**Q** 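Quick one: the structure is below, and I'll ask about it shortly.
Position 1 is the first residue of the sequence, and the numbers go up from there. All figures in this text were calculated on a predicted structure; none of them were measured in a lab. Atom set for the values below is all heavy atoms of this structure, side chains included, hydrogens, waters and symmetry mates excluded.
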Amino acid sequence: MQDAGVEVERWRKPSWYQLARFNHRTHRKLLITDGKTGYIGGMNTADAWLNHTDEEGYKDYHFRITGPVVGDLQGAFSENWVSARKQLLTGHEYYPHLEETGSLSMQVTSSHPREGQKLARKMLLYAIASARYSIDIGTAYFYPDEAFIEELAGAASRGVQVRILTPGENIDKRYVRYASYRRMKPLLEAGIEIYEYEPVFYHAKKMIVDGYFSTVGSVNMDNRSFRLNDEA
């Protein structure tokens, strides 16, 4: 790619003077073309996402988005680009004027591991707390903190139907699946339904509340997404 003229940067390449942030990474999955069309979801750029069938590949979701919100997706990419390249992306080439293209209200939540900027975690907690009827969660890795367990159990106790879908035997980090079982007991006792997706590795990251509010992007229900990663 570099021989062809593509600018390739490693974000936060390991170095001795950044050891305190060695475990921080960008987990965002973004593609923006001409500043006008954005793609966001759970998909990485790798062979496992090319040919999905019931026997191989990953089960995932990725979304094509147009309209003013694409400028915010570009902004999320630019945050990491500035950090890696020390180059600010400005001008009409990257941020063209964008007309509304539909009727949905959308916003981008950019989350960072720095204290006070773990916005993805806050957004999900507020959404769970506001649920009246139903919460549906799909996540590749499930290891929520105590606050999330309390909010989910609390939602179930006030009559909200809560359903959670996680990977089954087909998972790339098997130890995460076994660890997640330790977080499930209080949820099951609260009446929450938890299912495992069996055919292939379930890599999706999404939550739907009351059939009205939904999130898509890179955020899993675990502390790496909540506290260590840059997410969108």
**Q** For side-chain contact (heavy atoms from CB on, under 4.5 Å), just list the numbers for Asn44 and His203, CA-CA rounded to whole Å, side-chain angles, deciding distance to a tenth of an Å, and then say yes or no.
**A** CA-CA 10 Å; Asn44 292 303; His203 194 256; 3.9 Å; yes
**Q** For the residue pair Tyr181 and Arg177, confirm or rule out a side-chain donor-acceptor distance under 3.5 Å.
**A**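 Distance-only check passes for Tyr181 and Arg177.
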**Q** For Asp72 and Gln107, what are the C-alpha separation, side-chain angles and deciding distance, and is it a side-chain contact (heavy atoms from CB on, under 4.5 Å)?
**A** CA-CA 8 Å; Asp72 295 325; Gln107 70 177 38; 5.9 Å; no
**Q** Got more than 12 heavy atoms from elsewhere within 6.0 Å of CZ, Arg182?
**A**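 No - once you tally the heavy atoms of other residues, nucleotides and ligands closer than 6.0 Å, there are 12 at most.
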**Q** If hydrophobic clusters are built by linking Ile, Leu, Val, Met, Phe, Trp and Tyr wherever their side-chain heavy atoms come under 4.5 Å apart, do Leu124 and Phe213 end up in the same one?
**A**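 In one cluster: yes.
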**Q** Consider only side-chain heavy atoms of I, L, V, M, F, W and Y, link residues closer than 4.5 Å, and tell whether Tyr195 and Tyr178 are in one cluster.
**A**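 Tyr195 and Tyr178: separate clusters.
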**Q** Could you state the interatomic distance from CD1 (Ile32) to OG (Ser78), rounded to the nearest 0.5 Å?
**A**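 So the CD1 of Ile32 and the OG of Ser78 are separated by 7.5 Å.
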**Q** Under a 3.5 Å threshold, yes or no: a donor from one side chain and an acceptor from the other, between Gln87 and Trp81?
**A**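 Yes - a donor-acceptor pair under 3.5 Å links their side chains.
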**Q** A quick test of your reading: do over 12 heavy atoms of other residues, nucleotides or ligands sit less than 6.0 Å from CD of Glu196?
**A**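 Check passes, neighbour count above 12.
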**Q** Salt bridge or not for Arg183 and Glu146, using N-O below 4.0 Å?
**A**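 Yes, charged N to carboxylate O under 4.0 Å.
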**Q** Can you confirm whether Arg132 sits close enough to Val160 that some side-chain heavy atom of one is under 4.5 Å from a side-chain heavy atom of the other?
**A**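 Counting from C-beta outward, Arg132 and Val160 never come under 4.5 Å.
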**Q** Could you check if a side-chain atom of Val209 sits within less than 4.5 angstrom of a side-chain atom of Ile128, using non-hydrogen atoms only?
**A**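 Val209 vs Ile128: side chains apart.
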**Q** Calculate, to the nearest 0.5 Å, the distance between atoms CD and NZ belonging to Glu9 and Lys86 respectively.
**A**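 One gets 9.0 Å once the value is rounded to the nearest 0.5 Å.
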**Q** Where do Phe226 and Val219 come nearest, in terms of heavy atoms and distance?
**A**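 For Phe226 versus Val219, the nearest heavy atoms are CE2-CG1, 4.1 Å.
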**Q** Please check if the side chain of Thr139 supplies one atom and the backbone of Asn220 the other of a donor-acceptor pair under 3.5 Å.
**A**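 Pair absent, no side-chain N/O of Thr139 close to backbone of Asn220.
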**Q** Below 6.0 angstrom between ring centroids: does that apply to His62 and Trp49?
**A**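 Ring centres of Trp49 and His62 not closer than 6.0 Å.
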**Q** Test your reading of the model: is there a side-chain donor-acceptor pair from Ser83 to the backbone of Asn80, 3.5 Å cut-off?
**A**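 Judged by distance alone, no pair lies under 3.5 Å.
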**Q** Quick check for you: to the nearest 0.5 Å, what is the distance between Glu151 atom CD and Asp145 atom CG?
**A**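 Those atoms lie 10.5 Å apart.
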**Q** Do NZ/NE/NH1/NH2 and the carboxylate oxygens of Glu231 and Lys205 come within less than 4.0 Å?
**A**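 Here Glu231 does not pair with Lys205 in a salt bridge, since their nearest N and O are not under 4.0 Å apart.
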**Q** Any non-hydrogen side-chain atom of Pro68 less than 4.5 Å from a side-chain atom of Val70?
**A**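 Not touching, per the 4.5 Å side-chain cut-off.
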**Q** If you measure from CD1 on Ile164 to CD1 on Ile137, what distance do you get to the nearest 0.5 Å?
**A**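 Answer rounded to 0.5 Å: 4.5 Å.
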**Q** Taking the side chain as every heavy atom from C-beta outward, state whether Val108 and Val69 have any atom pair closer than 4.5 Å.
**A**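 Yes, their side chains come closer than 4.5 Å.
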**Q** Would you say the ring centroid of Tyr202 lies under 6.0 angstrom from that of Tyr58?
**A**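 Distance test on ring centres: not under 6.0 Å, no.
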**Q** With a 4.5 Å cut-off on side-chain heavy atoms, are Arg224 and His27 touching?
**A**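 Result no, sub-4.5 Å side-chain heavy-atom pair not found.
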**Q** Let's go through Tyr141 and Asp172 carefully: what are the C-alpha distance in whole Å and the side-chain angles of both, what is the deciding distance for side chain to side chain donor-acceptor pair (under 3.5 Å) to 0.1 Å, and is it a yes or a no?
**A** CA-CA 10 Å; Tyr141 307 109; Asp172 61 343; 2.8 Å; yes
**Q** Determine whether Glu169 and Arg174 make a side-chain contact, defined as any pair of heavy atoms from C-beta on separated by less than 4.5 Å.
**A**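 Sidechains of Arg174 and Glu169: in contact.
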**Q** Below 4.5 Å, heavy atoms only, C-beta onward: do Asn223 and Leu228 meet side chain to side chain?
**A**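 They are not in contact (no side-chain heavy atoms under 4.5 Å apart), so the answer is no.
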**Q** Around atom CD of Glu189, are there more than 12 heavy atoms of other residues, nucleotides or ligands at under 6.0 Å?
**A**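 Yes - once you tally the heavy atoms of other residues, nucleotides and ligands closer than 6.0 Å, there are more than 12.
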**Q** Could you check whether Arg28 pairs with Glu79 (Lys NZ or Arg NE/NH1/NH2 to Asp/Glu carboxylate O, under 4.0 Å)?
**A**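 Yes, Arg28 and Glu79 are salt-bridged.
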**Q** side-chain contact (heavy atoms from CB on, under 4.5 Å) between Tyr197 and Asn170: does it pass, once the steps are laid out?
**A** CA-CA 8 Å; Tyr197 188 85; Asn170 293 300; over 6 Å; no
**Q** Between Arg163 and Asp136, does any side-chain N to carboxylate O distance fall below 4.0 Å?
**A**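 Looking at Arg163 and Asp136, the cut-off is met.
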**Q** Quick one: do Leu31 and Val6 end up in the same hydrophobic cluster if we chain Ile, Leu, Val, Met, Phe, Trp and Tyr together by side-chain heavy atoms under 4.5 Å apart?
**A**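 No.
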**Q** Tell me whether the guanidinium CZ or amine NZ of Lys206 lies under 6.0 angstrom from the six-membered ring centre of Tyr61 and within 45° of its axis.
**A**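 Positive - Lys206 is close enough to the ring of Tyr61 and near enough to its axis.
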**Q** To check you understand the geometry: which heavy-atom pair defines the closest contact between Ala156 and Ala190, and what is its length?
**A**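 In this case the closest contact between Ala156 and Ala190 is CB-O, 3.5 Å.
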**Q** Hydrophobic cluster membership, with links at side-chain heavy-atom distances under 4.5 Å among I/L/V/M/F/W/Y: are Tyr212 and Ile135 in one?
**A**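 Yes: a chain of side-chain contacts under 4.5 Å links Tyr212 to Ile135.
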**Q** Check for me, please, whether Tyr143 and Ile149 land in the same ILVMFWY cluster - side-chain distances under 4.5 Å, paths through other members count.
**A**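 No, no single cluster joins them.
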**Q** Between atom OH of Tyr94 and atom CG of Leu89, what is the distance when rounded to the nearest 0.5 Å?
**A**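 One gets 5.0 Å once the value is rounded to the nearest 0.5 Å.
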**Q** One pair to check against side-chain contact (heavy atoms from CB on, under 4.5 Å): Met123 and Thr215. What are the steps and the verdict?
**A** CA-CA 9 Å; Met123 176 194 67; Thr215 69; 3.8 Å; yes
**Q** How far does CZ of Phe148 sit from CG of Leu187, to the nearest 0.5 angstrom?
**A**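 Between atom CZ of Phe148 and atom CG of Leu187 there are 11.5 Å.
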**Q** May I ask you to decide if Ala127's main-chain N or O and Ser130's side chain share a donor-acceptor pair within less than 3.5 Å?
**A**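 Confirmed, Ser130 side chain pairs with Ala127 backbone.
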**Q** Is there a donor-acceptor pair closer than 3.5 Å between any side-chain N or O of Asp222 and the backbone N or O of Phe142?
**A**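 Side chain of Asp222 to backbone of Phe142, a donor-acceptor pair under 3.5 Å: no, none is there.
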**Q** Could you tell me whether the side chain of Met106 reaches within less than 4.5 Å of the side chain of Ile65, counting heavy atoms only?
**A**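 Result yes, sub-4.5 Å side-chain heavy-atom pair found.
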**Q** Do side-chain atoms of Ser111 reach the backbone of Ala120 as a donor and acceptor pair under 3.5 angstrom?
**A**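 Yes; judged by distance alone, with no hydrogens or angles, the pair exists.
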